[in-house]
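Below is one structure, written out as structure tokens, with a few remarks after it.
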Amino acid sequence: MAVKLRRRRPVNLGSARWLPNLQIELDALPGYTVWSAALSRPLEPDMLPPTLTGRWPPATLLSVEQREFLHSHTGLRIEDGGLQLHGPIEVSRTRTRTRSRVRLSLEHWALPGSADLVEVSTKCRATRALDRVDAVAALLTDHGIEPAAHQQTKTDAALSVLSRAG
């Protein structure tokens, strides 16, 4: 279970940057970037059914650390009635390496009532970002894959679809 801050500019995380379950991500799309900071926690399998059936409010899935993280960066206090469940979204992930040893992650999202979405991503050190962009772009071109003319992050696409669904 993760809570995520998303901004067009990097987020000043302060001391939160040292939290062991914090991940930073940069989505680079044509014309803009989106910076994300996600704080995750593992869930016990028995926590989901009562939440999905409505016996427990969704906010009970958040740890105290996650609630504090959200409050310190947004000013919002998440109370037990303050979250809504959306979905489902079926997601499948595959990780692979190219012949040139570039690690890739492929995610397929089946959004309800919408076209499927596929994301190709890779991880690297900041000093290698431009080389990695070139390598991935060449790989897509070599396989005849052309990115969509209009691109958005998968989170933005999912939120758009789910907000229309009700």
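For this chain, numbers begin at 1 and follow the sequence in order. Predicted, not measured: the structure shown is a model, and the values here were computed from it.
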Should we count CD of Q23 as having more than 12 external heavy atoms under 6.0 Å?
no
Do L61 and L48 have side-chain heavy atoms sitting under 4.5 Å apart?
yes
Calculate, to the nearest 0.5 Å, the distance between atoms CD1 and CZ belonging to I24 and R17 respectively.
10.5 Å
All pairs passing ring pair (Phe, Tyr, Trp, His ring centres under 6.0 Å) where residues 45-76 contributes a residue, at least two apart:
F69-H73
Is there a path of hydrophobic side-chain contacts, each under 4.5 Å between heavy atoms of I/L/V/M/F/W/Y residues, joining M47 to I78?
yes
Could you tell me if S63 and R67 have a donor-acceptor pair between their side chains, going purely by distance under 3.5 Å?
no
Could you measure the distance from the CG atom of L19 to the CD atom of E68? Nearest 0.5 Å is fine.
9.5 Å
Please walk me through it: do V34 and R8 pass side chain to side chain contact (heavy atoms under 4.5 Å, CB included)?
CA-CA 5 Å; V34 177; R8 291 288 177 109; 4.2 Å; yes
Taking all heavy atoms of A129 and all of C124, pick out the closest pair and write down the distance.
CA-SG, 3.7 Å
Using distance only, find each side-chain donor-acceptor pair of residues 101-110 under 3.5 Å and give its atom names and separation, not counting sequence neighbours.
| unit_1 | atom_1 | unit_2 | atom_2 | d |
| --- | --- | --- | --- | --- |
| E107 | OE1 | W109 | NE1 | 2.7 |
| E107 | OE1 | K154 | NZ | 3.4 |
| E107 | OE2 | R93 | NE | 3.1 |
| H108 | NE2 | D116 | OD2 | 2.8 |

If I take atom CZ from residue R55 and atom OG1 from residue T60, how far apart are they, to the nearest 0.5 angstrom?
10.5 Å
Pairs satisfying side chain to side chain donor-acceptor pair (under 3.5 Å), at least one member in residues 124-140, at least two apart:
T122-R132
With R9, which residues qualify under side-chain contact (heavy atoms from CB on, under 4.5 Å), at least two apart?
none
Same cluster (ILVMFWY, side-chain, under 4.5 Å), L140 and L117:
no
Keeping to residues at least two apart or across chains, list the side chain to side chain donor-acceptor pair (under 3.5 Å) pairs with something in residues 136-145.
none
Any non-hydrogen side-chain atom of L39 less than 4.5 Å from a side-chain atom of E65?
yes
Treating Ile, Leu, Val, Met, Phe, Trp and Tyr as nodes and any side-chain heavy-atom pair under 4.5 angstrom as an edge, say whether V91 and L111 lie in one connected cluster.
yes
Validation row: T74, L5 side chains within 4.5 angstrom (heavy atoms)
yes
Hey, quick one: are V120 and L139 part of the same hydrophobic cluster, counting side-chain heavy atoms closer than 4.5 Å, chains of contacts allowed?
yes
Using a 4.5 Å cut-off on heavy atoms from C-beta on, say whether the side chain of D27 contacts that of E119.
yes
Qualifying side chain to side chain donor-acceptor pair (under 3.5 Å) pairs with a residue from residues 32-45, counting only residues at least two apart or across chains:
R6-S36
With a 4.5 Å limit on heavy-atom distance, are the side chains of I89 and V161 in contact?
no
State whether the side chain of S160 and the backbone N or O of D156 hold a donor-acceptor pair below 3.5 Å, judged by distance alone.
no
Is it the case that atom CD in E25 sees more than 12 heavy atoms from other parts of the structure closer than 6.0 Å?
yes
Tell me, yes or no, whether the heavy-atom count around L130 atom CG, taken from other residues, nucleotides or ligands under 6.0 Å, exceeds 12.
no
